[in-house]
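Working notes, beginning with the structure itself.
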Number of protein chains: 2
Amino acid sequence: MLGSIKLFNENGFVNVTLRDIAKEVSISTGNLSYHYKNKGAILQAAYQRMAQELNGMLGAVQIIPNFKNINEQVLPFFEFQVRYSFFYVDILELTRAYPDLAKTYQAQTQRFLESIKAMIDYNVGTGNLFPERIPQAYDKLAHTIWMMMVFWLPQQKVRGIVQDGRQARDTIWNLIGPYLTEKGRNVYRTAIKA
Amino acid sequence: MLGSIKLFNENGFVNVTLRDIAKEVSISTGNLSYHYKNKGAILQAAYQRMAQELNGMLGAVQIIPNFKNINEQVLPFFEFQVRYSFFYVDILELTRAYPDLAKTYQAQTQRFLESIKAMIDYNVGTGNLFPERIPQAYDKLAHTIWMMMVFWLPQQKVRGIVQDGRQARDTIWNLIGPYLTEKGRNVYRTAIKA
DNA sequence: GTCTATAGAGTGATAGAC
DNA sequence: GTCTATCACTCTATAGAC
């Protein structure tokens with residue numbers, strides 16, 4: 001499984017053959033097919049591994065979504081994204097070819113969006129963010145943040161540049177900046193110092 | 001050419017065979033191969049058509065990048081994106097398989113980013129946007145806007161939803177909102193009214 | 001369970017007649 | 001220029017021996 005994820009990350013899902021995977025893990029293709037019904041089953045297993053890890057990360061930050069905890073989970077998320085880059089890079093290709101995967105991921109996405117929105121609401125509650133002034137402004141902000149997180153790696157690959165995860169983090173905080181209260185700015189400053 | 005773009009949009013580049021294209025435009029595959037050296041050449045031609053159209057749009061708004069002109073070009077851009085959805089949906093796959101295309105598109109991207117930044121600077125100059133208070137805040141904002149524009153269609157496809165281009169436009173304006181001066185808010189209100 | 005060998009279905013691209 | 005026919009190759013998945 002780790003062998004196939006490695007190859008998917010390096011060459012892209014469609015460019016990895018069953019022969020490649022078998023060779024990588026030092027078994028025959030026949031043997032590989034014995035353990036996984038077809039290529040889709042291998043992908044499914046890789047995705048399950050990934051989804052489990054992601055849920056763990058989301059869960060950790062949801063307990064107390066203050067700036068400090070959020071900030072500490074952002075970098076691990078981008079490292080996670082690199083470890084499963086095959087998915088984020090080929091996400092359109094994969095969801096088109098495997099409708100079941102698409103459905104599962106859509107549900108995952110919904111939870112992700114809602115947890116971002118919950119983090120915003122929590123920090124409005126603590127007085128770190130201004131109450132919503134323009135209707136739906138925070139829904140749009142949550143949507144933007146989600147897009148930045150999910151498509152950060154793709155944009156990097158497309159532009160052919162290598163960026164530190166911290167640049168992603170700073171760009172996202174920059175979106176939140178204008179909504180910080182005086183108290184929020186202080187909390188933010190101490191949160192990112194650590 | 002339009003026939004191949006249609007098929008690429010519907011099924012994705014990798015899922016369209018030379019036979020499919022030949023059938024779509026009612027010629028033989030042999031004939032198709034006579035006119036285009038290989039599949040990459042067909043893609044190249046499709047991309048050139050697309051790039052030309054995009055440059056026209058960027059040029060139109062660059063002349064006077066006030067809110068009215070920007071706002072009027074945003075919706076056409078998202079319609080353009082639908083017309084060439086094969087590119088935006090398969091962008092990672094395509095740039096990986098065709099390094100020449102990747103290079104060309106990276107230059108295109110650079111121009112796109114710079115023109116967004118120029119629009120921001122222009123509106124700081126007219127007093128519609130506050131001068132930059134936090135260093136690089138506007139570079140990050142430009143980057144975010146670019147990502148929203150380029151990955152809007154992909155995020156729609158991944159989530160399996162259909163959205164109006166106006167939602168994309170509103171989400172982008174929502175990013176700019178916090179930086180509007182009093183004057184800028186008035187200009188914006190009259191600009192979007194038309 | 002693991003292997004080798006191969007079936008079976010495609011694909012991109014070319015050869016050669018017209 | 002346009003066609004038909006086909007080459008050469010690749011891939012997934014299976015059959016059958018061990």
Side-chain angles (χ1 to χ4, degrees), chain A residues 1-50 84-87 89-102 104, chain B residues 1-50 84-87 89-105:
Chain A
M1 187 41 43
L2 290 124
S4 36
I5 291 174
K6 176 170 172 272
L7 292 178
F8 291 160
N9 286 345
E10 286 169 359
N11 308 316
F13 179 77
V14 289
N15 301 315
V16 175
T17 67
L18 298 184
R19 275 189 267 279
D20 293 334
I21 298 173
K23 196 178 176 189
E24 174 73 25
V25 297
S26 304
I27 59 169
S28 66
T29 60
N31 193 4
L32 181 65
S33 289
Y34 173 80
H35 287 287
Y36 295 95
K37 191 170 155 270
N38 51 36
K39 206 182 170 185
I42 298 175
L43 174 65
Q44 199 76 36
Y47 177 77
Q48 256 168 33
R49 197 188 175 85
M50 178 189 126
Y84 294 95
S85 58
F86 78 93
F87 183 79
V89 165
D90 291 338
I91 189 165
L92 273 300
E93 179 78 26
L94 295 176
T95 50
R96 178 170 49 207
Y98 299 94
D100 285 358
L101 182 73
T104 312
Chain B
M1 187 40 45
L2 291 123
S4 35
I5 291 175
K6 177 171 172 268
L7 291 177
F8 292 159
N9 286 344
E10 286 169 0
N11 309 316
F13 179 76
V14 289
N15 301 315
V16 176
T17 68
L18 297 184
R19 283 171 184 75
D20 293 334
I21 298 173
K23 197 178 175 189
E24 174 72 24
V25 297
S26 303
I27 61 169
S28 67
T29 60
N31 193 5
L32 181 66
S33 289
Y34 172 80
H35 286 288
Y36 294 96
K37 192 172 154 266
N38 50 37
K39 204 182 173 185
I42 298 176
L43 175 64
Q44 200 77 35
Y47 177 77
Q48 256 168 32
R49 196 188 175 84
M50 179 189 126
Y84 294 96
S85 58
F86 78 94
F87 183 79
V89 165
D90 292 337
I91 190 164
L92 274 300
E93 178 78 26
L94 295 177
T95 51
R96 179 170 48 207
Y98 299 93
D100 286 356
L101 182 73
K103 220 176 158 188
T104 312
Y105 183 65

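The sequence lines fix the lettering, A, B, ..., with proteins before strands; numbering per chain opens at 1.
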Less than 4.5 Å apart, side chain to side chain, heavy atoms only: is that true for A/Ile5 and A/Met50?
no
Could you list by number each residue of residues 4-19 of chain A showing a heavy-atom separation from DNA chain D of less than 4.0 Å, or answer none if no residue does?
A/Val16, A/Thr17, A/Leu18, A/Arg19
With sequence neighbours excluded, residues passing ring-ring contact (aromatic ring centres under 6.0 Å, His included) with A/Phe87
A/Tyr47, A/Tyr105
If you measure from OH on B/Tyr84 to CD1 on B/Ile91, what distance do you get to the nearest 0.5 Å?
15.0 Å
Between the protein and nucleotides 1-3 of chain C, are there any N/O to N/O pairs under 3.5 Å, and if so, what are the atom names and distances?
unit_1, atom_1, unit_2, atom_2, d
C/dT2, OP2, A/His35, NE2, 2.7
C/dT2, O5', A/Asn31, ND2, 3.0
C/dC3, OP2, A/Ser28, N, 2.8
C/dC3, OP2, A/Ser28, OG, 3.0
C/dC3, OP2, A/Asn31, ND2, 3.0

Side-chain touch B/Ile21/B/Phe8, heavy atoms, less than 4.5 angstrom:
yes
For B/Gln44, all residues meeting side chain to side chain donor-acceptor pair (under 3.5 Å), sequence neighbours excluded:
none
For B/Thr104, give me all partners under side chain to side chain donor-acceptor pair (under 3.5 Å), at least two apart in sequence or on another chain.
none
Any residue meeting side-chain contact (heavy atoms from CB on, under 4.5 Å) with A/Ala97, in chain and number order, not counting sequence neighbours:
none
If we fit an axis to the first five pairs and another to the last five of the helix from C/dG1-D/dC18 to C/dC18-D/dG1, what angle do they make, to the nearest 10°?
20°
Applied to residues 7-16 of chain B, the side chain to side chain donor-acceptor pair (under 3.5 Å) test, sequence neighbours excluded, yields B/Asn9-B/Ser85
Quick one: closest heavy-atom pair of B/Met1 and B/Ala45, and the distance?
CE-CB, 3.5 Å
Can you pull out the residues from residues 37-48 of chain B that lie within a 4.0 Å heavy-atom distance of DNA chain D?
none
Side chains of residues 36-43 of chain A: which donor-acceptor partners sit under 3.5 Å, not counting sequence neighbours?
unit_1, atom_1, unit_2, atom_2, d
A/Asn38, OD1, A/Gly40, N, 3.3
A/Asn38, OD1, A/Ala41, N, 3.1
A/Lys39, NZ, A/Phe13, O, 3.0
A/Lys39, NZ, A/Val16, O, 2.8

Hey, are the side chains of A/Leu92 and B/Glu93 touching, using non-hydrogen atoms and a 4.5 Å cut-off?
no
Throw together a table of side-chain donor-acceptor distances under 3.5 angstrom for residues 24-31 of chain B, partners on residues two or more places apart or in other chains.
unit_1, atom_1, unit_2, atom_2, d
B/Glu24, OE2, B/Lys6, NZ, 3.3
B/Ser28, OG, B/Asn31, N, 3.1
B/Asn31, OD1, B/His35, NE2, 3.4

